[in-house]
Amino acid sequence: MEGNILIVDDNDIIVKSCESILTPEGFVITGSTDSSEAIELIRNNDYDIVVTDINMPGIDGYELIRQVNAIKPSTGIVVITGFASQQNIRDILQLGIIDYMSKPFSPHILIETITKAMYLVKKIKAIAAGPDSETEAKRKTDALNAIINEYKTTPGALLRVLESAQDLIGYLPPSVQRFIAVGLRIPVSEVYSVVSFYPYFTMKARGRHHIKVCVGNACHAKKAGQILTRLKRNLNFNEDRLTADGRFSYETIRCLGACGFAPIVEIDYDTHGGVDPDKTLDLLKDYH
Ligand code: FES
């Protein structure tokens, strides 16, 4: 994965180690052992991620994060902590970071954390550049804040918030996951883990009608592949599997447990069995 990363730590060994581990992974790394210099670098360059220590002489990590949020708010932040107390961690999470790593960390943890953070940052940037109007975005933000405030002190708050947020927005893109993480004071990576674990949650926008094509063994044997090909060829889905007019989205699934009726296509809550691939498009006529 590609991306520009600034590593800030007053310990030169940490900076050089991160650089030597992450460079072969395809990341472009800039290192700084001086947080004042780092702020200038952030001002004059576009980093996807800033990885910063918290305890540093002069400008500490907390202040550095505040500065990053003010100067380049779309930059993802990953924190390196030494001996962080629970209170320290709560304070850090409140600043809206993507993730944190406790020292000492292994090369494997570093690569995994940064790769995941880079994925989230790139998605957040792509969605921020999307077409949502300012008024609509504000309405959704206010509603999402209300949801977070309603549940944040209750047990299992994360699942409840995610469920309500998906009802509100239709899906859970990384920008929404980040918003929820800040509101609940948990790492974005924790929200991401839950969203990616439960099939009920989706990170991709859905059309007004969502098509599920079963590609399990029985359906595959009954030409589910041809159904899929016809849908793709005629509906011109984008890379998020959504049509340009937002009418349809699709996903493939593995066995709906109705193999006797293969091949199966689900549209919204309707199940269509024994679908003839040649009549695939006829199925869509009643969904506007
Ligand atoms: S394989 Fe499609 S329903 Fe079982």
Side-chain angles (χ1 to χ4, degrees), residues 1-82 84 88-89 91-103 105 107 109-132 134 137 141 173-179 181-182 187-189 192:
M1 183 175 267
E2 294 175 353
N4 290 325
I5 300 172
L6 175 65
I7 313 274
V8 190
D9 196 308
D10 57 319
N11 184 336
D12 193 37
I13 295 173
I14 299 274
V15 173
K16 289 211 165 95
S17 302
C18 289
E19 192 169 358
S20 66
I21 293 164
L22 293 173
T23 302
E25 298 298 316
F27 299 111
V28 177
I29 307 296
T30 305
S32 176
T33 54
D34 177 341
S35 43
S36 302
E37 177 197 64
I39 289 170
E40 278 313 300
L41 286 168
I42 291 160
R43 223 182 274 284
N44 297 318
N45 297 279
D46 280 326
Y47 298 107
D48 296 300
I49 293 175
V50 172
V51 179
T52 181
D53 189 14
I54 284 296
N55 296 316
M56 295 184 287
I59 296 171
D60 67 8
Y62 296 108
E63 183 52 28
L64 182 79
I65 294 169
R66 283 189 199 97
Q67 298 262 0
V68 175
N69 285 340
I71 302 167
K72 298 275 172 76
S74 62
T75 309
I77 297 162
V78 173
V79 164
I80 301 170
T81 62
N88 285 151
I89 289 175
D91 291 345
I92 295 165
L93 293 175
Q94 214 175 346
L95 295 173
I97 65 165
I98 296 269
D99 211 345
Y100 65 91
M101 298 175 287
S102 300
K103 288 182 197 170
F105 47 81
I109 294 284
L110 176 65
I111 292 168
E112 191 179 292
T113 304
I114 297 300
T115 303
K116 205 191 292 177
M118 188 62 77
Y119 169 80
L120 289 169
V121 167
K122 298 220 158 167
K123 278 287 185 185
I124 288 167
K125 284 184 176 174
I127 287 161
D132 222 358
E134 230 175 90
T141 304
S175 55
V176 171
Q177 293 177 41
R178 186 183 198 185
F179 194 93
V182 173
V188 180
S189 57
Y192 176 72

Legend entry - Approximate separation, where rounding is to 0.5 Å, of N55 CG and Y62 OH: 7.0 Å
Legend entry - Residue pair Y100 / T113, side-chain heavy-atom distance below 4.5 Å: no
Inset, instruction - Quick one: list whatever passes side chain to side chain donor-acceptor pair (under 3.5 Å) with N44, sequence neighbours left out. - result: none
Legend entry - Flag side-chain contact, heavy atom, 4.5 Å: V188 against I97: no
Legend entry - All side chain to side chain contact (heavy atoms under 4.5 Å, CB included) counterparts of A38, not counting sequence neighbours: L6, V8, S32, L64
Legend entry - Partners meeting side chain to side chain contact (heavy atoms under 4.5 Å, CB included) with S36 (sequence neighbours left out): D34, I59
Legend entry - Min side-chain heavy-atom separation T33-V15 under 4.5 Å: yes
Legend entry - Point-to-point distance, once rounded to the nearest 0.5 Å, from CD1 of I14 to CG of L110: 10.0 Å
Inset, instruction - Start with the C-alpha gap between K103 and I80, add the side-chain angles, then the distance that decides, and say whether side-chain contact (heavy atoms from CB on, under 4.5 Å) holds. - result: CA-CA 7 Å; K103 288 182 197 170; I80 301 170; 3.3 Å; yes
Legend entry - Candidate pair D53 and D10, rule side-chain contact (heavy atoms from CB on, under 4.5 Å), full reasoning: CA-CA 8 Å; D53 189 14; D10 57 319; 3.4 Å; yes
Inset, instruction - Check whether any side-chain N or O of T23 sits under 3.5 Å from a backbone N or O of S20 as a donor-acceptor pair, and report yes or no. - result: no
Inset, instruction - Look only at the side chain of N45 and the backbone of L41, and say whether a donor-acceptor pair between them is shorter than 3.5 Å. - result: yes
Legend entry - Straight-line distance of I71 CD1 to R43 CZ, nearest 0.5 Å: 4.0 Å
Legend entry - For I98 against A117, the heavy-atom pair lying closest together: CG2-CB, 3.6 Å
Legend entry - Qualifying salt bridge (Lys or Arg N to Asp or Glu O under 4.0 Å) pairs, either residue in residues 66-81, two or more places apart: D46-K72, E63-R66
Inset, instruction - State, to 0.1 Å, how close P57 and S35 come at their nearest heavy-atom pair, and which atoms those are. - result: O-OG, 3.8 Å
Legend entry - Distance (rounded to the nearest 0.5 Å) between I65 CD1 and T75 OG1: 12.0 Å
Legend entry - Of V78, V51, V50, T30, the residue whose pairing with I5 passes side chain to side chain contact (heavy atoms under 4.5 Å, CB included): V51
Inset, instruction - Check whether any side-chain heavy atom of F27 lies under 4.5 Å from a side-chain heavy atom of C18, and answer yes or no. - result: no
Legend entry - Pairing residues for E19 by the salt bridge (charged side-chain N to carboxylate O under 4.0 Å, His left out) criterion, not counting sequence neighbours: none
Inset, instruction - Determine the minimum heavy-atom distance between R178 and G76, stating which atoms define it. - result: NH2-CA, 4.3 Å
Inset, instruction - Can you measure from CD1 (I7) to CD1 (I49) and round to the nearest 0.5 angstrom? - result: 9.0 Å
Legend entry - For D99, all residues meeting salt bridge (charged side-chain N to carboxylate O under 4.0 Å, His left out), sequence neighbours excluded: none
Legend entry - Interatomic spacing from NZ in K116 to CE in M118 - rounded to 0.5 Å: 14.5 Å
Legend entry - Polar side-chain atom of D9 near backbone of N11 as donor-acceptor pair, under 3.5 Å: yes
Inset, instruction - Under the salt bridge (charged side-chain N to carboxylate O under 4.0 Å, His left out) rule, collect the residues that match up with E37, sequence neighbours excluded. - result: none
